[in-house]
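Here is the structure we will look at, set down as structure tokens.
Residue numbers start from 1 in every chain, and the chains themselves are labelled A, B, ... in the order their sequence lines are given, proteins ahead of strands. Here the structure is a predicted model, which is why all the values come from computation and not from measurement.
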There are 2 protein chains.
Amino acid sequence: MNSCRTSTADTQQALTQAETLCQQRGVRLTDLRRRVLEIIWSSTTALGAYAILDVLREDGRQGASAPPTVYRALDFLLEQGLIHRLVSLNVFTVCHQPGNPHNGQFLICQDCGHVNEMNNLEIDHLLRAETDGCGFETRTRIVEILGRCSKCLEESARHD
Amino acid sequence: MNSCRTSTADTQQALTQAETLCQQRGVRLTDLRRRVLEIIWSSTTALGAYAILDVLREDGRQGASAPPTVYRALDFLLEQGLIHRLVSLNVFTVCHQPGNPHNGQFLICQDCGHVNEMNNLEIDHLLRAETDGCGFETRTRIVEILGRCSKCLEESARHD
DNA sequence: TATGAAATGTTATTATATAACATGACAGGA
DNA sequence: TCCTGTCATGTTATATAATAACATTTCATA
Ligand SMILES: [Zn+2]
Ligand SMILES: [Zn+2]
Ligand SMILES: [Zn+2]
Ligand SMILES: [Zn+2]
């Protein structure tokens, strides 16, 4: 698995957008929170809390060496819709449409770790129809699909 | 939250069906595995591995007091499609249609813990269409919806 | 610059899951 | 019946994920 995105332009743009959103909302994107967001954006794969913690430790920043530090930052980023949590793997990944709250559907490659976030409204509607039919009040929708991405499929086909 | 199903008839029927399925497949539904399945069926709410372990300990059976015991039994039951794992809560719940493998969609009440398993084929088809469009090969589909069930909604409405 | 609220630091603990190896149960063949 | 290999379970230790509780620092603003 690649461990770094090829371009940091996306990351910089995302950080700028996050800064803007937080200002508009009157919440503080502190150094720590920005750094955690940057770490997640800088990885091609979704990261677990302790993997993020390792990077913070490499930073050599004062403190930042204990789990609560990273979990609190992650909680903030989740609240602000800047990242998503993938419950099937206990990892965190970036959101490409912060600003408009959504649940999303995630295609997760078990070979290369790549995560593809979809936002298919049809699926949302269908799930809503299903819950409405049961009189169920939805708070959170989780749709995660595990398997192999097209790239890894081609890769393995070449080696046959 | 209620901790026991009102009827044990469902449980007995489920155990019988499990026995039959395992015989057909040439796998062994041992005492331990059957007991774990019974424990899950006997609860109105989905149970975590350690909650199941607590019950096994109450049984006073020799051994059965360590995590691997229950995780191995759970792995077997999952493989045989006799139970489902809810990743959003790290808990296990019964399956009402063992025998035909499926992913299912789960409505999970965060107030009373009740789990409602749906098997809406439209949703399956829509998700399949989406992944096919991306050239993604699906191995596991996770659909879990967290919120409040109709019963708990009515309950809370009465107290307003 | 005083003050309170929010954020972070710090230590300890809880919760969930697996690794590794020993022992026991059981089916099929000698 | 006894051997033998496989599967299942017992057992100890550890890995991994998340939170509780309290101390200290930062920061806006009064
Ligand atoms: Zn998103
Ligand atoms: Zn891949
Ligand atoms: Zn099912
Ligand atoms: Zn309920």
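A donor-acceptor pair shorter than 3.5 Å can be found between the side chains of A:N119 and A:Q97. Donor-acceptor pairing under 3.5 Å is lacking for the side chains of A:R148 and A:Q110. No side-chain N or O of A:Q12 forms a donor-acceptor pair with one of A:D10 less than 3.5 Å apart.
A:R34 comes within contact range of no nucleotide atom at all, as no heavy-atom separation falls under 4.0 Å. Heavy atoms of A:R85 sit under 4.0 angstrom from primed sugar atoms or phosphate atoms, though from no base atom. Nucleic acid contact for B:Y50: base, since at least one base atom lies under 4.0 Å from a heavy atom of the residue.
Atom CG in B:D75 sits roughly 16 Å away from atom P in C:dT16 (whole-Å rounding). Rounding to whole angstrom units, CG of residue B:D54 and C1' of C:dT14 are separated by 14 Å. One atom, CG of A:L86, and another, P of D:dA18, lie 12 Å apart when rounded to the nearest Å. Summarising the geometry, the separation between CZ on B:R35 and P on D:dG10 is reported as 14 Å, rounded to the nearest angstrom. Between the CG atom of B:L74 and the C1' atom of D:dA8 there is a distance of 15 Å, rounded to whole Å. Atom CG of B:L32 and atom C1' of D:dT11 are 14 Å apart (whole Å). Following rounding to the nearest Å, B:L47 (CG) and C:dA15 (C1') show an atom-to-atom distance of 16 Å. Regarding A:L89, its CG atom lies at a distance of 15 Å from the P atom of D:dT16, rounded to whole Å.
Near DNA chain C, defined here as any heavy-atom distance below 4.0 Å, the residues from residues 17-31 of chain A are A:R28, A:T30, listed numerically.
Distances from the side chain of A:P67 to the nucleotides D:dA20, C:dT18, D:dA18 place D:dA18 closest. Here the nucleotide nearest the side chain of B:A66, chosen from D:dT11, D:dA8, D:dT19, is D:dT11. Closest approach to the B:T69 side chain among C:dT18, D:dT11, D:dA17 is made by D:dT11 (side chain taken as heavy atoms from C-beta onward).
Across B:L82 and B:A18, no two heavy atoms sit closer than the pair CD2-CB, 3.9 Å.
Using a 4.0 Å cut-off between a side-chain N of Lys or Arg and a carboxylate O of Asp or Glu, A:R34 and A:E19 qualify as a salt bridge. The pair A:K151-A:E154 fails the salt-bridge criterion, with no side-chain N (NZ, NE, NH1 or NH2) lying under 4.0 Å from an Asp/Glu carboxylate O. Residues B:D75 and B:R33 are not paired through a salt bridge, judged by the lack of any N-O separation under 4.0 Å between the basic side chain and the carboxylate.
In the helix from C:dT1-D:dA30 to C:dA30-D:dT1, the end axes, each obtained as the rotation axis mapping the C1' atoms of four pairs onto the next four within a five-pair block, lie 10° apart to the nearest 10 degrees.
OP1 or OP2 of D:dA18 lies within a sub-4.0 Å distance of a side-chain N or O belonging to A:N90. At least one side-chain nitrogen or oxygen of A:Y71 sits closer than 4.0 Å to the OP1 or OP2 atom of D:dA18.
Residues A:H96 and A:H102 place their aromatic rings such that the two centres sit no closer than 6.0 Å. Ring to ring, A:F92 and A:H84 are not that close: their centroids are 6.0 angstrom or more apart.
For the pair A:R72 and A:A49, nearest-nucleotide mapping onto DNA chain D gives the more 5' position to A:A49.
Note that the CG atom of B:L29 and the CG atom of B:L15 stand 7.5 Å from one another [nearest 0.5 Å].
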